[in-house]
Amino acid sequence: MKKTLYTKFILAYIIFGLFGFAVVATFVSSMTLEHLKREKADSLYKEATLIANTYASDLYNSQASIDVVQKQLNALSTYLGASIWIINPSGRIILDTSTPLDIDNPVLVENFDPTITSGSYYTVGDFFNMFEEEKLSVFAPITTNYEVKGYVVIHVSMNAIRKSCDNLLNISYIMLVILFLLSLIILIFFTEIVYIPLRKITVATEQFAAGNMAYDLQIDSGDEIGYLAASLSYMASEIARSEENQRKMVANVSHDFRSPLTSIKGYLEAMIDGTIPPEMSEKYMKIVLNETDRLTKLTNSLLTLNNLNTSGMLLDRTNFDINQVIKNTAASFEGTCKSKMVAIELILTGEIMIVNADVLKIQQVLYNILDNAIKFSPKDSVIKIETTEKHSKIFVSIKDHGIGIPKDSLKLIWDRFYKTDLSRGKDKKGTGLGLSITKEIIHAHGENINVISTEGVGSEFIFSLPKVENDD
Ligand code: ADP
């Protein structure tokens, strides 16, 4: 049989029940019997002492006749459900409530030894072979003038004690059964709280392992099992998301590689088979070169992203003047700006502004953002680059008056390969990787980047950098 948690729990439950019965049947049984025996012996000892001090001593002091004492003791023995003896130290029975007195044939208890109780006041057994069944015999000495004249011995059947012990045990058994049945509630709780949710989790993990990441694992409880289920669901959704991202990435990469390759192949074939005459080939060669440029850019971006991801980005941090870096990057776009008739306005705080960062990577960030700003700006517009200082941070803002980003796309522009529908017509060369690289670089610095944009009005990208207070 498959040992499920449930069968194990049931097994433990049955063992618990059997063990409970075994304990009641052995320990509890012997303890109860011992207790009842002692209790009976105690109460009989009080009676025996009373008899010894009253009737029996009267008898020995000849203040009462044996007949009178016998009668009185007979009544008492019926009341106690026991037989009462008065014995001489030699073992001769003077009086026995269970048999009529026969003075001519005295009964002698052979080998009678009052020390048999060994320090106690009662003994259990056949009382020197006088009985066939087991008796509890309680002794009390009869003393006059500090001399033991005889003993009062009260015998009760051990069977009677055993019977009341059994009655008590029966109550214990009934209690045990009730307890056992009540503890079924624990089993129900276990089933509801642990077993069923665990089964659900197992089924869900099997589904996840089989690739069904959309499997709905529903456990609505606030305890550890609920937390485990929620974590598993979260893990599955994250795996699904990352798989989906990977799938999208491969699809996008293939697509972005295929279109330039197709056009390169097309132009080259046309040149070889003469569709494009040799005198026109220079023009088409330039197009081919352009396409290879695009492929190189795409490959470089992919490699950069891959490195950023795998190595957790190793930054080569130095202290440098961000103002200077902004000026240099802006200058590198001079040609493009001229041809597009776009102006770049710099509003920089302070002469020099030292920050601590990886200069080459920040240069790339500026390049990516500025490149987009110019790409999506209309002719004769101005792009403003501004630095501000706040709480030991430098904020760099690049603001354009271009096409803007639709509200729905604002969160998505940081994703790999994402391009807004607006931009597709304007920017055929874009890979959609620039901003995801930018974000990774800024986050690797422990800083933040944000965008504020209104469709048709313009966009502003702002990122922070750690300022160096006193640069040596
Ligand atoms: P790409 O290299 O193709 O420009 P990016 O990751 O840099 O890719 O940008 C992703 C998309 O975000 C762009 O395709 C464009 O749709 C949008 N975007 C980025 N910057 C701007 C901007 N300044 N104005 C309008 N849209 C922008």
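Since we're looking at a predicted model, the values are computed, not measured. We count ligands from 1, going down the list as the structure has it; atoms in each ligand are counted the same way.
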| message | With a heavy-atom distance limit of 4.0 Å, tell me whether T420 approaches ligand 1 through its side chain, its backbone, both, or neither. | response |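 It is both parts that get close, each with some atom under 4.0 Å.
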Could you tell me whether the side chain of [X] and the main chain of [Y] form a donor-acceptor pair under 3.5 Å?
| X | Y | value |
| --- | --- | --- |
| R162 | S157 | no |
| T123 | S137 | no |
| Y13 | L184 | yes |

Taking 4.0 angstrom as the limit and counting only heavy atoms of [X], give me the atoms of ligand 1 inside it, by number and element.
| X | answer |
| --- | --- |
| F461 | 20 (N), 23 (N) |
| L433 | 6 (O), 8 (O) |
| G434 | 2 (O), 5 (P), 6 (O), 7 (O), 8 (O) |
| K375 | 1 (P), 4 (O) |
| G432 | 1 (P), 2 (O), 3 (O), 6 (O), 8 (O) |

| said: Would you compute the distance between atom OG1 of T438 and atom NE2 of H443 and round it to the nearest 0.5 angstrom? | reply: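 Here the rounded value is 11.0 Å.
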| Under a heavy-atom criterion of less than 4.0 Å, does G402 contact ligand 1? |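 G402 does not count as a contact of ligand 1 under the 4.0 Å cut-off.
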| field | More than 12 heavy atoms of other groups within 6.0 Å of Y173 OH | value |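 Yes.
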| request: Go through the steps for F180 and L176 under the test side chain to side chain contact (heavy atoms under 4.5 Å, CB included), then give the verdict. | output: CA-CA 6 Å; F180 193 68; L176 197 71; 5.7 Å; no
| message | I'd like to check whether S436 has a polar contact with ligand 1, where a contact means an N/O of the residue lying under 3.5 Å from an N/O of the ligand. | response | no
